[in-house]
S.K.: 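Here it is: the structure, laid out below.
One-based numbering, in listed order, for ligands and for the atoms of each.
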Amino acid sequence: MGRLLALTFAYLAYLLANAIASQRQQHRVQHGPCSYTFILPEVENCQPLKDFQVTNTLQSDSPPEVEPGVSQSKQSRVQDDRPSWQQSKLETLESAMENNTQWLQKLENFIQENVRSGMEEIKRSTVHTQTAAMLEMGTNLLSQSAEQTRKLTDVETQVLNQTSRLEIQLLEYSLFTNRLEKHILLQTQEISRLSDKNSFLEQRLLALEARYGKELQGLQSEKQQLQDLVERQSRVVSQLQGELGSSTLNSTTLQRQQAVLTDTVQQLLTKVSQCNEISNEPKKEPLTFRDCAEVLRSGVKESGQYTIRLHNTTQDVKVFCDMKTRGGGWTVLQHRRNGSVDFHRGWSDYKMGFGEPLGEHWLGNDIIHKLTSSREYSLHIQLKDREGNEAFSFYDCFYIDGEDKNYSLHVEGFSGTAGKTSSLTHTGSQFSTKDRDNDRCTCKCAQLASGGWWFEACGPSNLNGIYYPASSSVIRYNGIKWYYWKGPNLMAAMTTMMVRPSDF
Ligand SMILES: *[C@@H]1O[C@H](CO)[C@@H](O)[C@H](O)[C@H]1NC(C)=O
Ligand SMILES: *[C@@H]1O[C@H](CO)[C@@H](O)[C@H](O)[C@H]1NC(C)=O
Ligand SMILES: *[C@@H]1O[C@H](CO)[C@@H](O)[C@H](O)[C@H]1NC(C)=O
Ligand SMILES: *[C@@H]1O[C@H](CO)[C@@H](O)[C@H](O)[C@H]1NC(C)=O
Ligand SMILES: *[C@@H]1O[C@H](CO)[C@@H](O)[C@H](O)[C@H]1NC(C)=O
Ligand SMILES: CC(=O)N[C@H]1CO[C@H](CO)[C@@H](O)[C@@H]1O
Ligand SMILES: [Ca+2]
C-alpha cells in the first residue's frame with residue numbers, strides 16, 4: 001500500500017509538472033521530513049481559456065474518453081482563433097494524455113497484478129493454515145491410534161501371558177493326573193494281588209475250619225460231658241453240705257445236751273455242798289452306780305473317772321464325774337478344753353462316743369439316751385472364754401430320744417448366766433452329723449458349722465464346733481458357738497455338758 005501511495009504521489013507530481021511545464025513560479029510545501037515543490041502556471045504569456053480546467057482532466061476517471069470531447073471543443077475553438085499554436089499545444093496535450101493513459105494502464109496493471117498476487121497469497125496462507133490444522137489433526141489421530149495400538153498390544157500380551165500360564169497349569173495338571181493314574185494302576189494291581197492272596201487265605205481258612213470243625217465238635221461234646229459231671233458233683237456237694245449242716249446241728253444239740261448235763265451235775269454238786277455246809281453266809285452284791293449322783297451319794301467326793309452301769313442293762317460305762325460344781329454329782333456328757341480331739345466326726349462316732357473321760361470327749365448318743373430316759377435329769381452347761389470369764393446355762397429337764405428318732409432333743413426350764421435366752425434349739429430338733437443331715441435347713445449345717453449337734457437352721461449353738469486355739473476378730477461360723485452369751489464367735493477355752501437327776 002505504501003508503495004502504491006508513493007506511486008500515486010509521484011504520478012500526481014509528474015502530471016502537474018507536465019501540465020504546466022512553461023510556468024516559472026514555484027510553491028514549496030514542507031510536510032515533516034518531506035518537502036514538496038509545486039511549479040505554478042504562468043499567466044502573462046497566454047490567454048486563459050474559460051473552459052479549460054486542469055483539475056478536471058486530472059480528476060476524470062477515464063482520461064481517454066474525456067480527452068476526445070475536450071480536444072474536439074478545443075479544436076473547434078483553436079480553429080476559430082489561432083490554428084498553428086493551438087495545433088502544437090493540442091499535440092503536446094494529446095501526447096501527455098496518452099502518456100497519462102499509459103501510466104494509468106501501467107498503474108492499473110500493477111494494481112491488478114498486486115491484487116492477484118495478494119489474493120494468491122491469502123489463498124495460499126489459508127490453505128497453509130488449513131493444511132497445518134489438518135496435519136495437526138492427523139498427527140493427533142496418529143498418536144491416538146498409536147496409543148490404542150500400544151494398549152491393544154499390552155492387552156494382547158497379558159492375554160497371551162494368561163493363556164501361557166493356564167497352559168502351563170494345564171500341563172502340570174495333566175502330569176499330575178498321569179502320575180495319579182499310574183499310582184492308581186499300581187494300587188489296583190496291589191489290591192488284586194492282595195485279593196488273590198486273601199482268597200488263597202480264605203481257602204486255607206475254610207480248609208482249616210473244616211478240619212478243626214470236627215475237633216471242635218469233639219471238644220464241645222467233651223465239654224458237655226464235663227459240665228454234666230460238674231453238675232452231678234455239685235449236686236453231690238450240696239447234698240454233702242446239707243448232711244454237714246444237719247451233722248453240725250446234731251453236734252450243737254449234743255453240746256447243748258452236754259451243757260445241760262454239766263449244769264445238772266453242778267447243781268447236784270452245789271446241792272451236795274449246800275447240804276454239806278450248814279453255816280451259809282449271804283453273798284454281798286457288787287456295788288453298781290447308775291450315775292455320778294449315786295457315786296457321790298456312796299461317799300466319793302473327788303471329781304474323776306468312774307464306772308457306772310446304765311439302768312436295766314449290763315453295760316458298764318466309764319464317765320467323768322464332777323463333784324465340785326453346785327454340789328457335784330454331775331455325769332459329764334461332753335467336755336472340751338484344748339482342742340486335742342477332733343469333733344468333726346460322723347454319725348456312728350457320735351452314736352458310740354469318742355475321746356477319753358479324763359480329756360476331751362463325747363459320751364455317746366446311745367448312752368446319753370439310755371441315761372437320760374431312765375429318770376428325769378437336769379442339764380448344766382459350763383462355759384469359759386479365753387479371758388477366763390465363766391458362765392453357765394441350766395435346764396431343769398433334759399433328755400434325748402433314741403436313734404430311731406434321730407436323738408431328738410428335749411429341754412425345759414432354762415436359766416443361767418450365759419445369755420438371757422436359751423442358745424439350745426427348742427424341743428424336737430434332731431441330731432445331725434456331717435453324714436446325716438436332719439436339720440431344717442436346705443443346707444447341711446453339720447458340714448457348714450462342723451461337728452454333730454441339734455441343728456435347726458442352723459441354730460444359735462454348737463458346742464461341738466471347731467476348737468480355735470487363739471482369739472481372733474475374724475468371725476468363724478464353724479467354731480464353738482453359744483450365741484446368746486458371746487455371739488457367733490465364742491472362742492471358748494472350755495465347755496462342759498453334764499447331767500444330774502432333777503431331784504438331786
Ligand atoms: C506373566 O506376567 C507376570 C507378572 O504379571 C510375569 O512375572 C511373568 O513372567 C509373565 N509370564 C510370561 C510367560 O510372560
Ligand atoms: C442226726 O440225728 C438224727 C436223729 O436225732 C438222725 O436221724 C440223723 O441221721 C443224724 N444225722 C447225722 C448226720 O448224724
Ligand atoms: C427296768 O426293768 C424293770 C424290770 O426288770 C422294768 O420294770 C422297767 O420298766 C425297766 N426300765 C427301763 C427303763 O427299761
Ligand atoms: C489336752 O489335754 C489332755 C488332758 O489333759 C492332754 O493329755 C493333751 O496332751 C492335751 N493336748 C494338747 C494339744 O494340749
Ligand atoms: C432320721 O434321719 C434319717 C436320715 O438321716 C431319716 O431318713 C429319718 O426319717 C429320720 N427319722 C425321723 C424319725 O425323723
Ligand atoms: C508531452 C510529453 O511529455 N510527451 C512525451 C510522451 O512520451 C514520449 C515517450 O515516452 C516522449 O517522447 C514525449 O515527449
Ligand atoms: Ca439340711
S.K.: Thinking salt bridges, do K444 and D437 make one under a 4.0 Å N-O criterion?
M.R.: no
S.K.: Any luck finding a side-chain donor-acceptor pair between W453 and S461 under 3.5 Å?
M.R.: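 Checked: W453/S461 side chains pair up, N/O donor to acceptor below 3.5 Å.
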S.K.: Going by the angle between their ring planes, with limits at 30° and 60°, are F431 and W454 parallel, tilted or perpendicular?
M.R.: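 Ring orientation of F431 relative to W454: perpendicular.
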S.K.: Under 3.5 Å, is there a donor-acceptor pair between the T495 and Q334 side chains?
M.R.: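 Yes, because at least one side-chain N or O of T495 sits under 3.5 Å from a partner of the opposite role on Q334.
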S.K.: So, Q382 and H380: side-chain donor and acceptor under 3.5 Å apart, yes or no?
M.R.: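 The criterion, which ignores hydrogens and geometry beyond distance, is satisfied for H380 and Q382.
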S.K.: Can you pull out the closest protein heavy atom to atom 5 (O) of ligand 4? Residue, atom name and distance to 0.1 Å, please.
M.R.: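 So the nearest neighbour among protein heavy atoms is R337 NH2, 3.1 Å.
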S.K.: What N, O or S atom of D439 is found closest to the Ca ion (ligand 7)?
M.R.: OD1
S.K.: Please state the angle at the Ca ion (ligand 7) spanned by O of C443 and O of C441: what is it, rounded to 10 degrees?
M.R.: 80°
S.K.: What atoms in ligand 5 come closer than 4.0 Å to a heavy atom of N406?
M.R.: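 That gives atoms 1 (C), 2 (O), 3 (C), 8 (C), 10 (C), 11 (N), 12 (C), 14 (O) of ligand 5.
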S.K.: What are the atoms of ligand 4, with element, lying closer than 4.0 Å to any heavy atom of S340?
M.R.: 1 (C), 11 (N)
S.K.: Output yes when a protein non-hydrogen atom is found under 4.0 Å of atom 11 (N) of ligand 5, and no otherwise.
M.R.: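 So atom 11 (N) of ligand 5 has protein heavy-atom neighbours under 4.0 Å.
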S.K.: What I want to check is whether the side chains of H369 and E403 have a donor and an acceptor closer together than 3.5 Å.
M.R.: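 There is no such pair (donor and acceptor under 3.5 Å, judged by atom type) between the side chains of H369 and E403.
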S.K.: Could you pull out, from L358, V341, N338, the option with a heavy atom nearest to atom 14 (O) of ligand 4?
M.R.: N338
S.K.: Counting only nitrogen or oxygen atoms and a 3.5 angstrom limit, does N438 reach ligand 5?
M.R.: yes
S.K.: In terms of SG positions, are C441 and C458 separated by less than 2.5 Å?
M.R.: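 No; the two sulfurs sit 2.5 Å or more apart.
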S.K.: Do Q430 and ligand 5 have an N or O pair less than 3.5 Å apart?
M.R.: yes
S.K.: I need the atoms of ligand 5 closer than 4.0 Å to a non-hydrogen atom of D404, numbered in the order shown.
M.R.: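 Once the distances to D404 are compared, the set is 13 (C).
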S.K.: So does F343 get a backbone contact from the side chain of N464, meaning a donor-acceptor N/O pair under 3.5 Å?
M.R.: no
S.K.: Going by heavy atoms, is E356 under 4.0 Å from ligand 4?
M.R.: no
S.K.: Would you say atom 2 (O) of ligand 4 has a protein heavy atom nearer than 4.0 Å?
M.R.: yes
